[in-house]
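Notes follow once the structure below has been shown.
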Number of protein chains: 2
Amino acid sequence: MDAEAIKQSLENSGLRCTPQRYAVMAFLMEHNRHPTAAEIFEAVNRVDPRSSRATTYNNLRDLVQAGLVREVAVEGRAARFDAKGIRHHHFICDRCGNVEDMEWYDVPRPASGSLGKRILRECELIFRGLCKKCALPRASRKLS
Amino acid sequence: MDAEAIKQSLENSGLRCTPQRYAVMAFLMEHNRHPTAAEIFEAVNRVDPRSSRATTYNNLRDLVQAGLVREVAVEGRAARFDAKGIRHHHFICDRCGNVEDMEWYDVPRPASGSLGKRILRECELIFRGLCKKCALPRASRKLS
DNA sequence: GAATTATTTAGATTATATCTAATATGACAT
DNA sequence: ATGTCATATTAGATATAATCTAAATAATTC
């Protein structure tokens, strides 16, 4: 997503495209690794324009309210954020605690029998509560 | 689960059954509403024996390490806890943010085609990211 | 360009969690 | 029973994450 597109999506949501706000949004678009507010603050301050801690928090709040960003549910103290570019959910592994992005399928409402094979494969992982790596048979896994 | 059973499960995990630790565990067994540490601290201090804040945190840490309790992944600042009585996962609604307990199915490893109807119904909700209430057709939902 | 509104800022404050070091308790060998 | 050792508890200090405050700055409108 290029600069102009980010600017547009901010303005479509009624947010002015300030340099600080743009920096937060752009960082989240580029790095979909669910950073904390502190990580985002650090990252945007490695280059101009600088931004204060309060502004970073304010902008994250505004972006979440506007629906462009969401707060990811994770264990641990610090909130983590995620640009909602392509719609997806999160899956947290029971064993290793990793947060994995999960494709979003627009399942037609009443069609219980119509889930595709690919979806079925993901369902298995979900009901085990293990991520793809941890769900491998014991032998092929590194001990942790 | 009665007092003796709780005592046993603590001791089986190598933890002494102290009054304070017992109180935390018993509270989590009774109230599976994913309370915060602060809520647990308050609750156990409404009756004897009293417990300090540090002890409550220590005991929660010990119980999590022992595998008797787990920390629930949620948005928001405060960690939330959950007794791992019956194995289950958590499902967080995209719309309302509620945390729902989700039954744990022991899906046999390679049988992609063998998920039951009940599981399929849950899969639909998961892939929508909405809880049972929020997944109802618009008309039958209260606006939030 | 004056008035209005939105944004940013440093620093103070609140909320949550952990650490420290002193004390208390329980297990158990003698 | 008593002393010893490991474990647990405690109040208070500290650390970390988030929010608030009030003043300054920038953009927008009239």
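Chain letters run A, B, ... following the sequence lines, proteins first, then strands; residues in each count from 1.
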Could you tell me whether the phosphate oxygens of dT9(D), OP1 or OP2, come under 4.0 Å of any side-chain nitrogen or oxygen in T55(B)?
no
Ignoring backbone atoms, test whether S51(A) places a side-chain nitrogen or oxygen under 4.0 Å from the OP1 or OP2 oxygen of dT8(C).
no
Side chain proximity check, Q20(A) to V44(A), heavy atoms < 4.5 angstrom
no
Side chain proximity check, L10(B) to L63(B), heavy atoms < 4.5 angstrom:
yes
Taking CG from N59(A) and C1' from dT8(C), how many angstroms apart are they, rounded to a whole number?
9 Å
Quickly work out the E75(B) CD to dA18(D) P distance and round it to whole Å.
13 Å
Going from CG on N58(B) to OG on S51(B), what distance comes out if it is rounded to the nearest 0.5 angstrom?
9.0 Å
Scan residues 10-21 of chain B against DNA chain D and write down, sorted by residue number, each residue with any heavy atom closer than 4.0 Å; if none is found, say none.
R16(B), T18(B), Q20(B), R21(B)
Please enumerate all residues that pass side chain to side chain donor-acceptor pair (under 3.5 Å) together with R16(B), with sequence neighbours excluded.
none
Looking only at atom types and distance, does a side-chain atom of E39(B) sit under 3.5 Å from a main-chain N or O of T36(B), one as donor and one as acceptor?
yes
For R53(A), which residues count as a side chain to side chain donor-acceptor pair (under 3.5 Å) partner, sequence neighbours excluded?
none
Rounded to whole Å, CZ of R50(A) lies from P of dA10(C) at a distance of 11 Å
Can you tell me how far P of dT9(D) sits from OH of Y22(B), to the nearest Å?
15 Å
Across nucleotides 12-19 of chain C, 5' to 3', mark each nucleotide with B, S or - according to how protein heavy atoms within less than 4.0 Å reach it.
B---SBBB
Would you list the pairs meeting ring-ring contact (aromatic ring centres under 6.0 Å, His included) in which at least one residue belongs to residues 32-52 of chain A, sequence neighbours left out?
H34(A)-H90(A)
Going by the salt bridge (charged side-chain N to carboxylate O under 4.0 Å, His left out) test, which pairs reach into residues 59-72 of chain B, not counting sequence neighbours?
R77(A)-E71(B), D94(A)-R70(B), R21(B)-D62(B)
